[in-house]
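FYI, side chains are in, hydrogens and waters are out, and symmetry mates aren't considered; it's all heavy atoms of this structure. The first residue of the sequence shown is numbered 1, and numbering continues consecutively from there. This structure is a prediction, so every number in the text was calculated from the model and none was measured.
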Amino acid sequence: MKEVHRFMLLLSLCLSLSACIALSANTCPADLEAKCGDDSSGDWKGEFFPGIPKIKYEGPSSKNPLSYKWYNAEEVVLGKKMKDWFRFSVAFWHTFRGTGADPFGAPTKSWPWEDGTNSVDMAKRRMRAHFEFMDKLGVNRWCFHDRDIAPDAKTLSETNANLDEVVELAKELQKGTDIIPLWGTAQLFMHPRYMHGGATSSELGVYAYAAAQVKKAMEVTHYLGGENYVFWGGREGYQTLLNTDMKRELDHLAAFLQAAVDYKKKIGFNGTLLIEPKPQEPTKHQYDWDAATSFAFLQKYGLTEEFKLNIECNHATLSGHSCHHELETARINGLLGNIDANTGDPQIGWDTDQFLTDISEATLVMLSVVRNGGLAPGGFNFDAKLRRESTDVEDMFIAHISGMDTLARGLRNVAKLIEDGSLAELVRKRYQSFDSEIGALIEAGKGDFETLEKKVMEWGEPTVSSAKQELAEMIFQSAL
C-alpha cells in the first residue's frame, strides 16, 4: 500500500508540474522580466492577464478593487439597461500605447507583453492583449487611431499593408463576440509631415496625404463594423496669424470634411461622422475651439446634417467651459454624438486625460445624456490614461472600473433627481411667466415690439422672482 501511495503521490506531483509548465507557456505574468511564451511573434495566443478575473458586479458594499460597485450592465435604470446608456469603450492608444512619458521624463511603463519594437508582430500581440482586456473588463467597444494599432512604414502602400494585417487579426478576434469599434480615426498630428496640420496644411502634398490616410482609416473602420468615425484636428489651427491665411485654411478644412462625407456614402459606411472640439494644444489656436464654434463652422459650410460632436470633458475645461456646458450646447443643437469620458486637473491647466472620478461632475454629464435620450450610436470612450506613477498591470483594470462606476453612480443620481422631481419643478416655475398667451407668441417668433410695448404699458413694472440657485444646488447635492 505504501508503494501505491508513493506512486500516486509521485503521479500527482508530475501532473501538477505538467500543469504548471503548460500554464507558464500560455500566460504572460505581470512582471517586466517575463516573456510571453517562447513564440515572439504576434500569433502567440497565451493569457496576458493571468491574475485578473472577469470583472463582475458585486455591489456598493464590496471591498474588492477588481469588481463593479455601481455599474451593473444588465440593470434597468430609467427604462434602459445600464450597458445601453453607456456603451463603454476602451481607448486603444492610452490603454495599450501609453508609456507614462511626459515632457520632463522618460517612459515609466513597459508592459510584460511588449518587446520594445514597433513591428507588425508586436502590434498583433498587442491587439490580442487588448481583446483579452476587453473580455475581462466586460466592455464590447473600442476606439483607435490607425497608427496606434499598426506601424508606419516607408511608403503609404507599405503602411496600408501593415494596417491591413493588424486589422485582419482584429476582425478575426471579433468573430464570435459582440465586440466592435465605437469609432476609428486617422492620426494626423504626430508625423512631422503634419507639423502645419493635415486638412489645413499650407502644403498641397500634405493635404492629399491626409486625405489618403483618412480614406484608408474610414475603410478599415467600416470593415470592422465601426459605428462612428472621428475627426480630431490637433494640428488644424495656427501658432500665429502673421503667417496664416485663416479663411483659406477654414475653406480647405470644409472641403476636406465634405470629401469625407462623399467617400463615406460611396463606400456605404452608415456610421456617424464626429468632430471633437478642442481649443488648443498642440496648436495655440485650434479651429474647432469648442462646441459653439464647431456648430458655427458646420452651419457656415452646410455640414450640420452630416456631422455630430464628440465632446471631451478635459477639452471643455481647457476652453473655459464645464463639461456640462459643452454637452448641453451640443445637445440643444442636435449635435451630441459621443463623449470622451475624462477630466483634467484645474491646478495643472493642460490636457491631462485623467479618468473621471468626480461623482458630482458625472451626475451633470448624465443629466445631459438622459435628456438626450442616450448616445447611440455613440457612447462613452475612456480617452483617459493611467498616471505616470501607476505602473502595475492591474492598474489598467482599476482605472476603468473606477471610471465606469463613477458614471454609473451619476446615472443612478439622475434617476433620483427625476423621481424626486423638485429640480425640474424649480426650473419650470422659473420660466412659468412664458407659459401664457404672450409667452407663446414670443416663443413662436411672433412677439413684435409694438405689441410688447402695449403690454408693458398695461402691466407696469415687472416683478422679478428669485432664481433659487442655492435651492437648486441643495436639491442636486441631496441626490449625490
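- A perpendicular orientation is assigned to the rings of Tyr207 and Phe256, their planes being inclined by more than 60° (bins at 30° and 60°).
- To the nearest 0.5 Å, atoms CG (Asp152) and CE (Met190) are separated by 10.5 Å.
- Taking the six-membered ring wherever Trp is involved, the centroid distance between the rings of Trp142 and Phe96 does not fall below 6.0 Å.
- Using modelled atom types, one side-chain atom of Lys69 and one backbone atom of Ser67 make a donor-acceptor pair closer than 3.5 Å.
- Partners of Phe88 according to the ring-ring contact (aromatic ring centres under 6.0 Å, His included) rule, which considers only residues two or more places apart in sequence or in another chain, are Tyr71, Phe86, Phe382.
- Between Gly237 and Thr200 the shortest heavy-atom distance is N-OG1, 4.0 Å.
- Side chains of Leu188 and Phe231 form no contact here, defined as non-hydrogen atoms less than 4.5 Å apart.
- Exactly one residue among Lys385, His94, His315 makes a side chain to side chain donor-acceptor pair (under 3.5 Å) with Asp353. That residue is His94.
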task = Kindly determine whether Lys171 and Glu168 satisfy salt bridge (Lys or Arg N to Asp or Glu O under 4.0 Å), including the steps that lead there.
result = CA-CA 5 Å; Lys171 184 78 168 179; Glu168 206 55 53; over 6 Å; no
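- Here the side chain of Glu132 pairs a donor or acceptor atom with the backbone of Phe48 at under 3.5 angstrom.
- Inspection of the Thr117 and Asp115 side chains reveals an N or O donor paired with an N or O acceptor under 3.5 Å.
- Side-chain atoms of Glu473 and Gln477 form no donor-acceptor pair, as typed in the model, at a separation below 3.5 Å.
- Side-chain N/O atoms of Asp146 and Gln187 include no donor and acceptor closer than 3.5 Å.
- In this structure, Thr177 contributes its side chain and Gln174 its backbone to a donor-acceptor pair below 3.5 Å.
- Put simply, the side chain of Leu327 does not reach to within 4.5 Å of the side chain of His321, judged on heavy atoms.
- Under the salt bridge (Lys or Arg N to Asp or Glu O under 4.0 Å) criterion, Lys54 pairs with Asp135, sequence neighbours left out.
- A distance-only check finds no donor-acceptor pair linking the side chain of Ser62 to the backbone of Glu58 [under 3.5 Å].
- Here the side chain of Tyr68 pairs no donor or acceptor atom with the backbone of Met404 at under 3.5 angstrom.
- A search for side chain to side chain contact (heavy atoms under 4.5 Å, CB included) contacts involving Ala212 returns Leu156, not counting sequence neighbours.
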request  = Give the intermediate values and the outcome of ring-ring contact (aromatic ring centres under 6.0 Å, His included) for residues Trp289 and Tyr287.
outcome  = CA-CA 5 Å; Trp289 179 274; Tyr287 289 134; over 10 Å; no
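- Checked against the 6.0 Å centroid criterion, the rings of Phe397 and Phe49 qualify as a close aromatic pair.
- Judged by distance alone, with hydrogens and angles left aside, the side-chain atoms of Asp395 form a donor-acceptor pair with the main-chain N or O of Asp392 at under 3.5 Å.
- One distance of note links CG of Leu163 with CZ of Arg147; it measures 6.5 Å at 0.5 Å rounding.
- Here the closest heavy-atom approach between residue Leu336 and residue Lys308 is recorded as O-CD, 4.1 Å.
- Within the model, atoms CG of Leu274 and CG of Asn381 stand 11.0 Å from one another, a figure rounded to the nearest 0.5 Å.
- Side-chain contact, Trp350 with Asn314: no donor N or O sits under 3.5 Å from an acceptor N or O.
- At least one side-chain heavy atom of Ile359 sits under 4.5 Å from a side-chain heavy atom of Asn413.
- Ring to ring, His400 and Phe133 are close: their centroids are under 6.0 angstrom apart.
- Few gaps surround CG on Leu241; more than 12 heavy atoms of other groups in view lie less than 6.0 Å from it.
- Trp113 and Trp111 have parallel rings, their planes meeting at less than 30° on a 0 to 90° scale where 60° marks the start of perpendicular.
- Counting only distance, with no hydrogens or angles, the side chain of Asn162 and the backbone of Pro151 share a donor-acceptor pair below 3.5 Å.
- The salt bridge (Lys or Arg N to Asp or Glu O under 4.0 Å) analysis of residues 322-340, with sequence neighbours excluded, yields the pairs Glu328-Arg331, Glu328-Arg371.
- Donor-acceptor pairing under 3.5 Å is lacking for the side chains of Tyr194 and Glu203.
- Atom OG of Ser360 is separated from atom CG of Leu480 by 5.5 Å, given to the nearest 0.5 angstrom.
- Between Glu47 and Lys136 there is a salt bridge, since a side-chain N of the basic residue sits under 4.0 Å from a carboxylate O of the acidic one.
- The main-chain N or O of Tyr238 is never found under 3.5 Å from a side-chain atom of Thr283 such that the two would form a donor-acceptor pair.
- The closest side-chain heavy-atom distance from Asp358 to Thr343 is not below 4.5 Å.
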key: Worked verdict on Arg126 versus Glu114 for salt bridge (Lys or Arg N to Asp or Glu O under 4.0 Å)   = CA-CA 8 Å; Arg126 199 179 286 126; Glu114 294 286 336; 2.8 Å; yes
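- The pair Glu219-Lys215 meets the salt-bridge criterion, with a side-chain N (NZ, NE, NH1 or NH2) lying under 4.0 Å from an Asp/Glu carboxylate O.
- For the pair Leu386 and Thr391, the minimum side-chain heavy-atom distance is 4.5 Å or more.
- A cation-pi geometry, defined here as NZ or CZ lying under 6.0 Å from the six-membered ring centre and within 45° of its normal, holds between Arg409 and Trp70.
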task = Check the pair Glu312 / Lys278 against salt bridge (Lys or Arg N to Asp or Glu O under 4.0 Å), numbers first and verdict last.
result = CA-CA 8 Å; Glu312 179 173 320; Lys278 186 180 182 181; over 6 Å; no
key: Step-by-step salt bridge (Lys or Arg N to Asp or Glu O under 4.0 Å) determination, Asp164 to Lys216   = CA-CA 10 Å; Asp164 285 338; Lys216 183 63 177 179; 2.7 Å; yes
request  = Run the numbers on Asn160 and Ser157 for side chain to side chain donor-acceptor pair (under 3.5 Å), then give the verdict.
outcome  = CA-CA 5 Å; Asn160 285 348; Ser157 59; over 6 Å; no
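- The ring-ring contact (aromatic ring centres under 6.0 Å, His included) analysis of residues 156-180, with sequence neighbours excluded, yields no pairs.
- Sequence neighbours left out, the pairs with a member in residues 225-245 that pass salt bridge (Lys or Arg N to Asp or Glu O under 4.0 Å) are Arg87-Glu227, Arg141-Glu227.
- Within a 6.0 Å radius of CG in Asp178, more than 12 heavy atoms belonging to other residues, nucleotides or ligands are found.
- Here the CG-NZ distance, from Leu411 to Lys80, works out to 10.0 Å after rounding to the nearest 0.5 Å.
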ask   = Yes or no on ring-ring contact (aromatic ring centres under 6.0 Å, His included) for Phe144 and His130, after CA distance, side-chain angles and deciding distance?
value = CA-CA 11 Å; Phe144 66 91; His130 170 61; 9.3 Å; no
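- Atom CD1 of Ile401 is separated from atom CG of Leu137 by 6.5 Å, given to the nearest 0.5 angstrom.
- A donor-acceptor pair under 3.5 Å is absent between the side-chain atoms of Lys81 and the main chain of Ala73, judged by distance alone.
- Without hydrogens or angle criteria, His285 side chain to Gln239 main chain gives no donor-acceptor distance under 3.5 Å.
- Side-chain contact of Asn72 with Glu74: a donor-acceptor pair under 3.5 Å is absent, judged by distance alone.
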